[in-house]
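To start, the structure under review is shown below, and the notes come after it.
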Number of protein chains: 2
Amino acid sequence: MDTALKGAMDIFWRQGFAATNLPDLLSAMGLTRGSFYKAFTDKETAYLKALDYYDGAIVSSTVDTLTTCQTETASDCLALLFAASKEPERGCFICNAMVEMAPVNIRVATKANHMSARLRDAIQARIAKHHPTLDADRAEESADLILHLYFGHQAMGKSTEASGQWRSKIAHILNESPV
Amino acid sequence: MDTALKGAMDIFWRQGFAATNLPDLLSAMGLTRGSFYKAFTDKETAYLKALDYYDGAIVSSTVDTLTTCQTETASDCLALLFAASKEPERGCFICNAMVEMAPVNIRVATKANHMSARLRDAIQARIAKHHPTLDADRAEESADLILHLYFGHQAMGKSTEASGQWRSKIAHILNESPV
DNA sequence: CTCATTAGGAACCAAATGGTACAAAACAAA
DNA sequence: TTTGTTTTGTACCATTTGGTTCCTAATGAG
């Protein structure tokens, strides 16, 4: 069941909802039609479950990294969000879902917003940790800015090779001294 | 022909490629199958032409605004990129195309990159105009940053109501004094 | 007007779509 | 082993898909 969900996440993440047909989905999940429809009702439900799986696996792991990483500055840590991915053309599932599905499926929008908020909170906490004198509003503003940058980065990374130098850019936004 | 292209742009912009079926597309373009296939070969070609139309209409108009607007600071002008749209759920066609199509269609990727570059150039030129002493590398870096923010903004705007205060955020990035 | 060319529209097509029905098989309880 | 229940695989279904054909209606040149 868990491996089936992981398979669903993988293929929806790569191909999106509309471009993934049932045969694709079934083989990615390792299920046949009978057991798929018994367990997941329909394609849309499987997509929503795949988003939940992404939340529990990928988002949680990212939040964990942002929370626990040992770096000298906030920007050193936050730059990890922009580190080269081994499969940049799949981008970020949250971003993909926001673009393709959120406008026409409120449940997708809700989940995407929830995951976005988790990322923003983790970013903000990391900023606050290194800048304890900064007031919360400013930290939240900066976190929101970096979150927007992150999604822009993920979107553009699907079309072109990613540009670098993110650490110093983030440092500048946070008024940290660039090395 | 022009109005047909505009119709194609509108529906692909709103719905994306895969989620737009032929009946949808034909009625948006005001054509029947016969004349559609005569003029556009197939759905993919129509999509590519719709991207070109977007380039000539929307991107050009945006570039024009960035080039000619009369503002005191660069951030005042660039904040226009983030102004509330009357249909935020359709986002930006470039961003939509990058996310949905670019990884699986190199011609879409090329067009998206070309339009992105036009926007980036216009942003950079606007920055340079207000900061003549800034060296070109720094101006390009800032322009790239703002372009990433723009796409992130467009992606997130499809899922949730846009957050405001962009002028001051851009001002901060450009080291312009926030009012 | 005549004729050639083009554009438009509707019927049609094979293939693919998401989803269901149902029988066989695996499993658990007794 | 027998029974009842759940899971799995497959054949099937109506509908929709993108695309083609072909006939008719305009259109324009002479």
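Predicted model, so just to flag it, every value in this text is computed and none were measured. Below, chains carry the letters A, B, ... as their sequence lines are ordered, and counting in each starts from 1.
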Please tell me whether B:Phe93 and B:Tyr47 form a close aromatic pair, meaning their ring centres lie under 6.0 Å apart.
yes
Using a 4.0 Å cut-off on protein heavy atoms (strictly under), produce a 5'-to-3' string for nucleotides 13-25 of chain C with B for base contact, S for backbone-only sugar-phosphate contact, and - for none.
----SBBB-----
Charged tip of B:Lys43 within 45° of B:Phe17 ring normal and under 6.0 Å
yes
Side-chain donor-acceptor distances from residues 76-83 of chain B under 3.5 Å, at least two apart:
unit_1: B:Asp76; atom_1: OD1; unit_2: B:Arg167; atom_2: NH1; d: 3.4
unit_1: B:Asp76; atom_1: OD2; unit_2: B:Thr73; atom_2: OG1; d: 2.7

In this structure, how many angstroms lie between the P atom of C:dG8 and the CE atom of B:Met29, rounded?
12 Å
Does this structure show an ion pair linking A:Asp52 with A:Lys111, if we count only N-O contacts that are shorter than 4.0 Å?
yes
side-chain hydrogen bond (donor to acceptor under 3.5 Å, both in side chains) pairs touching residues 94-109 of chain A, sequence neighbours excluded, are A:Glu44-A:Asn105, A:Asn96-A:Lys158
